[in-house]
Amino acid sequence: FPDRRDGGSSRHRRLMQPDTPSFAALPDLVDSHCHLDFPDFDGELEAILARARAAGVTRIVSICTRPRSIAKVRAIAEAHEGVFWAYGLHPMSVTEEAPETLEHLLEVARHPKLVAIGETGLDYHYTPDSAPAQQAQLRLHIEAAQETGLPLVIHARDADADMEAILAEGYRRKPYACVMHCFSSGPRLAEAALEMGFYLSMSGIAAFPKSQDLREIFAKAPLDRILVETDSPYLAPPPFRGKRNEPAYVAHTARAGAQVFGLSEAQFRAATTANFDRLFQKAARAAQAA
């Protein structure tokens, strides 16, 4: 499911591999959302993970977006220390896959390195015609998060009103934890999410020159509700915009985030990593046990 918000072609992203500067003197960082199973990374995964470690990225959550990819994403997590995974049926794929069931989601969630439910959500920009099916699947994934106690990972695009209503409907029934992945929606949805105790995740979009309105939304949020991510291979932050994104580049988004909050890079890294541990408690426990 291509994400065209950064304007770079997938071929260009695959071919360009700029060097990553050293961030060794700074605290550890987490890439809370990426897609290591995507073809953009084929044959390069070991080098990509090595560059992430060099940038201080010690933990990564790779998101599985459809059932046919479960085996590959799970195997990547099993083979690499510090790599975890999440699973959900992406809203743009609801017409291409069989509907998810609560039983299957609960079964997948039993894997020791499965740390979240999703991504799930609503996308009325690219796939408005499937809105009813998206809404039904979102409600199902909310129930899975409630049943498992795992955080929910939300994809929201051009669906703010329905997204707020469905998330709040589920929360009133039974509270659950949630992160608004790659947040780029409006201020009202941000406020509603924060009122429910949810987290906002900052991607490379927040570092784009024309994203001042989005940076202002983040600046008004409590620091203890902020995560960082790449959503790689998409949405590379400057200075790599238009190229293939990868987990190491979350360090550049964190640099931009530090500026938004008026903090040093070290302070912002430490804060977002603590936030990750608070939300992704299964990943935090696994790291402590390692």
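Given the structure is predicted, the values throughout are model-derived calculations rather than measurements. FYI, side chains are in, hydrogens and waters are out, and symmetry mates aren't considered; it's all heavy atoms of this structure.
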What residues, two or more places apart in sequence or in another chain, satisfy salt bridge (Lys or Arg N to Asp or Glu O under 4.0 Å) together with Glu169? Arg139
Could you note down all residue pairs passing salt bridge (charged side-chain N to carboxylate O under 4.0 Å, His left out) where residues 212-223 supplies at least one of them, sequence neighbours left out? none
ring-ring contact (aromatic ring centres under 6.0 Å, His included) pairs, two or more places apart, involving residues 270-290: Phe276-Phe280
Tell me who clusters with Leu89, hydrophobic residues only, linked when side chains sit under 4.5 Å apart either directly or through other members. Val94
Member of His35, His141, His155 meeting the ring-ring contact (aromatic ring centres under 6.0 Å, His included) criterion with His90: His155
Honestly curious: do Leu140 and Leu122 fall in one hydrophobic cluster under the side-chain, below-4.5 Å linking rule? yes
Restricting to pairs with a member in residues 55-75, which pass ring-ring contact (aromatic ring centres under 6.0 Å, His included), not counting sequence neighbours? none
Residues in side chain to side chain donor-acceptor pair (under 3.5 Å) contact with Glu107, at least two apart in sequence or another chain: none
Rounded to the nearest 0.5 Å, the NE2 atom of His33 sits from the CE atom of Met202 at a distance of 16.0 Å
Does Ile117 share a hydrophobic cluster with Trp85, counting links as ILVMFWY side-chain heavy atoms below 4.5 Å and allowing steps through other members? yes
Check the hydrophobic clustering (I, L, V, M, F, W, Y; side-chain heavy atoms under 4.5 Å; chains of links allowed) and say if Leu235 and Ile60 are grouped together. yes
State which residues pass side chain to side chain donor-acceptor pair (under 3.5 Å) with Arg53; sequence neighbours excluded, sorted by chain then number. none
Going by side chain to side chain donor-acceptor pair (under 3.5 Å), name the residues that satisfy it together with Gln135, two or more places apart in sequence or in a different chain. Tyr124, Asp162
All side chain to side chain donor-acceptor pair (under 3.5 Å) counterparts of Ser62, not counting sequence neighbours: none
I want to know whether Tyr176 and Phe198 have ring centres closer than 6.0 Å. yes
So which pairs with a foot in residues 280-290 pass salt bridge (charged side-chain N to carboxylate O under 4.0 Å, His left out), sequence neighbours left out? none
Scan for salt bridge (charged side-chain N to carboxylate O under 4.0 Å, His left out) pairs involving residues 191-203, sequence neighbours excluded, and state none if there are none. Arg188-Glu191, Arg188-Glu195
Same cluster (ILVMFWY, side-chain, under 4.5 Å), Val83 and Leu227: no
Could you list the donor-acceptor pairs under 3.5 angstrom formed by side chains in residues 67-76, with sequence neighbours left out?
from	atom 1	to	atom 2	distance (Å)
Arg68	NE	Glu97	OE2	2.8
Arg68	NH2	Glu97	OE2	2.8
Lys72	NZ	Asp37	O	2.8
Lys72	NZ	Asp42	OD1	3.2

Answer with yes or no whether the hydrophobic clustering places Ile142 together with Leu105; edges join I, L, V, M, F, W, Y residues whose side-chain heavy atoms lie under 4.5 Å apart. yes
